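Predicted, not measured: the structure shown is a model, and the values here were computed from it. Both counts, for ligands and for their atoms, begin at 1 and track the order of listing.
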Amino acid sequence: MLYDPSRLKAVLFDMDGVLFDSMKNHATAWHEAMRRYGMQMSREEAYLHEGRTGAGTINIVSLRERGREATDEEIKAIYQTKSEVFNSLPTAERMPGAYELLCKVKACGLVPMVVTGSGQTSLLERLEHNFPGIFRRELMVTAFDVKFGKPHPEPYLMALQKAAVGPDEAIVVENAPLGVRAGVAAGIFTVAVNTGPLPDEVLLSEGAGRLFRSMNEFCENWEKFFPAIQ
Ligand code: CA
């Protein structure tokens with residue numbers, strides 16, 4: 001898909017690893033929860049599964065480690081452990097550069113939206129506190145709205161629907177391979193921001209149209225990226 005800044009109306013931001021520097025905590029929480037249930041999952045692997053539903057991630061690891069899928073009870077227990085570990089870790093900070101970029105996006109008359117597979121209420125509640133006046137709640141897409149997690153395009157298609165814009169009138173900002181895949185599958189130009197430990201190539205091979213190394217770098221290059229107001 002092509003990127004035509006003159007058509008842009010909405011910018012769809014993923015949350016973990018894009019707006020909040022929370023992926024280190026998720027990786028630690030997954031690693032620790034799996035360990036408690038006798039399964040191996042490296043922190044780096046957590047980045048590869050980022051965006052999947054909890055059940056999807058647990059089943060992939062369970063199949064590999066135990067040769068079978070997890071039962072519904074196990075999924076519930078493991079995911080609860082993961083959430084408990086996550087909530088016991090220090091609160092994730094706002095990603096450096098994220099608020100500044102959001103302010104620029106908004107100042108350009110574009111609609112910033114959050115599209116996340118997360119159901120972590122603690123982070124969702126922090127959005128307004130950390131990004132005051134940026135997001136409209138009714139335009140948010142979270143784990144509570146969608147049936148399929150990323151890499152399914154549903155979350156991004158739902159965001160387009162909520163904003164009443166077409167795929168060529170939006171861009172996606174994602175940090176995870178499966179998130180990039182979801183944005184691309186929705187037919188939306190997808191910007192990868194590589195805030196984690198994976199090689200750039202992993203994100204580019206999923207179809208990212210542009211890659212920045214940080215939200216700060218994206219923010220600093222915003223005027224070049226979106227020249228429509230110059
Ligand atoms: Ca993410």
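Around the Ca ion (ligand 1), the protein atoms of type N, O or S that sit closer than 3.0 Å are Asp14 OD2, Asp16 O, Glu50 OE2, Asn175 OD1.
When Val18, Val191, Leu211 are each tested for a side chain to side chain contact (heavy atoms under 4.5 Å, CB included) with Phe218, only one passes: Val191.
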Run the side chain to side chain contact (heavy atoms under 4.5 Å, CB included) test on Ile58 and Trp30 for me, step by step, so that the C-alpha distance in whole Å, both residues' side-chain angles and the decisive distance to 0.1 Å come before the verdict.
CA-CA 9 Å; Ile58 290 163; Trp30 272 120; 3.6 Å; yes

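For the residue pair Tyr156 and Gln161, no side-chain donor N or O sits within less than 3.5 Å of a side-chain acceptor on the partner.
Proximity of Glu174 to Glu206: side-chain heavy atoms (C-beta onward) are nowhere separated by under 4.5 Å.
Atom CD of Gln40 has 12 or fewer heavy atoms from other residues, nucleotides or ligands within 6.0 Å.
Residues Tyr79 and Phe86 place their aromatic rings such that the two centres sit no closer than 6.0 Å.
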